[in-house]
Amino acid sequence: MTDLTVLHTLRCMGFTDLGRVASAAGLALEEAESRLIDLAVEGLVTRTPGAFGGWGLTEAGKAEDARLAAEELDKAGARAAVTSAYTDFMVLNPELLDLSTAWHLRTVDGVAAVNDHTDAAHDTRVLARFADLDRRVSPVCAALTAALPRFGSYRGRLSAALARGDLAETTESYHNVWFQLHEDLLVTLGIPR
């Protein structure tokens, strides 16, 4: 299961550092690093050294992750439940995209401008809409977790990002965690992006 956990974390996050892999996979740093090294020896992941380095999947790693995710889905008999949750998620996805835009931009004198976050009323409205979206995605996350427990981390990560007010600025922002959940659903169901 650790192979799927680590491979799938990289698949959903893309190229990233060890700390983010460990955190998102729910593993101790040393365990995540050990698994990544083993997977690198197998030719499934690669590491780029340096200040801007990190870990990423090879093409063989992407194929192995897809195989393991499909195997897990079929073994759990969860395809219908995950497909249903994916459909519900996709109803909410355009709203997340609109909210992310509203967080970055606001209208000033009828013209779109970069949101410098000096308009507290605008930011309060956007935060309230994010909170409403978060409330509505909660049952989707619960259904996914019931179908496949590995989806369980997303609910907490989304809630934590919202509580921090981190909607689109950092690697653990609401938008980025949402994107990873979307990627996870696509890969799990074998849907090309």
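Throughout, numbering of the chain's residues begins at 1 and tracks the sequence.
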Angle class for the His117/Trp103 ring planes (parallel below 30°, perpendicular above 60°, tilted otherwise)? tilted
Looking at every heavy atom in both Leu7 and Gly61, which two are closest together, and how far apart are they? CD2-O, 4.2 Å
Is it true that Leu185 and Tyr174 fall in one hydrophobic cluster, defined by side-chain heavy atoms closer than 4.5 Å? yes
If you measure from CZ on Phe15 to CZ on Arg20, what distance do you get to the nearest 0.5 Å? 11.5 Å
Hey, what do you get for CG (Leu148) to NZ (Lys75), rounding to the nearest 0.5 Å? 12.0 Å
Looking at every non-hydrogen atom in both residues, tell me the closest pair between Asp116 and Thr118 and how far apart they are. OD1-OG1, 2.6 Å
Measure the spacing between CD of Glu95 and CG of Asn93 and express it to the nearest 0.5 Å. 10.0 Å
Evaluate the side-chain proximity of Asp88 to Val137: yes if any heavy-atom separation is below 4.5 Å, no if none is. no
So CZ of Arg136 and SG of Cys141: to nearest 0.5 Å the spacing works out to 13.0 Å
Co-membership, hydrophobic cluster, residues Val82 and Val187, 4.5 Å side-chain: no
Closest heavy-atom pair and its distance - Ala81, Ala147: CB-CB, 3.8 Å
Checking side-chain polar atoms at under 3.5 Å, does Arg150 have a donor or acceptor matched by the opposite partner on Thr188? yes
Can you check whether Ala25's main-chain N or O pairs, donor with acceptor, with Thr5's side chain at less than 3.5 Å? no
From Leu4 CG over to Arg11 CZ, what is the distance, rounded to the nearest 0.5 angstrom? 12.5 Å
Do Val140 and Tyr86 touch side chain to side chain, with heavy atoms closer than 4.5 Å? no
Identify the heavy atoms of Asn176 and Thr170 that sit nearest to each other, and give their distance. ND2-O, 2.7 Å
Got Leu18 and Leu36 here, is their nearest side-chain heavy-atom distance under 4.5 Å? yes
Over all atoms of both residues, closest heavy-atom pair of His104 and Ala168: NE2-CB, 3.2 Å
Between Arg79 and Thr83, do the side chains contain a donor N or O and an acceptor N or O under 3.5 Å apart? no
Value rounded to 0.5 Å, distance of CG in Leu133 from OG in Ser138: 11.0 Å
Answer whether the closest heavy-atom distance between the side chains of Asp123 and Arg106 falls below 4.5 Å. no
Kindly determine whether Gln180 and Arg157 satisfy side-chain contact (heavy atoms from CB on, under 4.5 Å), including the steps that lead there. CA-CA 11 Å; Gln180 292 162 24; Arg157 291 172 65 211; 2.5 Å; yes
Any non-hydrogen side-chain atom of Leu68 less than 4.5 Å from a side-chain atom of Glu72? no
Check whether Ser159 reaches the backbone of Arg155 with its side chain - one donor and one acceptor, N or O, closer than 3.5 Å. yes
Ignoring hydrogens and geometry, is there a side-chain-to-backbone donor-acceptor pair from Thr9 to Ala24 under 3.5 Å? no
In terms of heavy-atom contacts, Leu162 and Ala131 come closest through CD2-CA, 3.8 Å
Determine the interplanar angle of the Phe89 and His182 rings, folded into 0 to 90°, and report it as parallel if under 30°, tilted if 30 to 60°, perpendicular if over 60°. tilted
Going only through I, L, V, M, F, W and Y residues with side-chain contacts under 4.5 Å, is there a path from Leu189 to Trp178? yes
Do the side chains of Ile191 and Leu181 join up, straight or via other hydrophobic residues, at under 4.5 Å, putting them in one cluster? yes
Any side-chain heavy atom of Cys12 within less than 4.5 Å of one from Tyr154? yes
Could you tell me if His8 and Asp65 have a donor-acceptor pair between their side chains, going purely by distance under 3.5 Å? yes
Between Leu167 and Leu99, is any pair of side-chain heavy atoms under 4.5 Å apart? no
Does the side chain of Leu97 reach to within under 4.5 Å of the side chain of Thr101, using non-hydrogen atoms? no
When clusters are formed by joining ILVMFWY residues with side-chain heavy atoms under 4.5 Å apart, either directly or through shared neighbours, do Val126 and Leu92 land in the same one? yes
Would you call Glu172-Arg164 a salt bridge at under 4.0 Å N-O? no
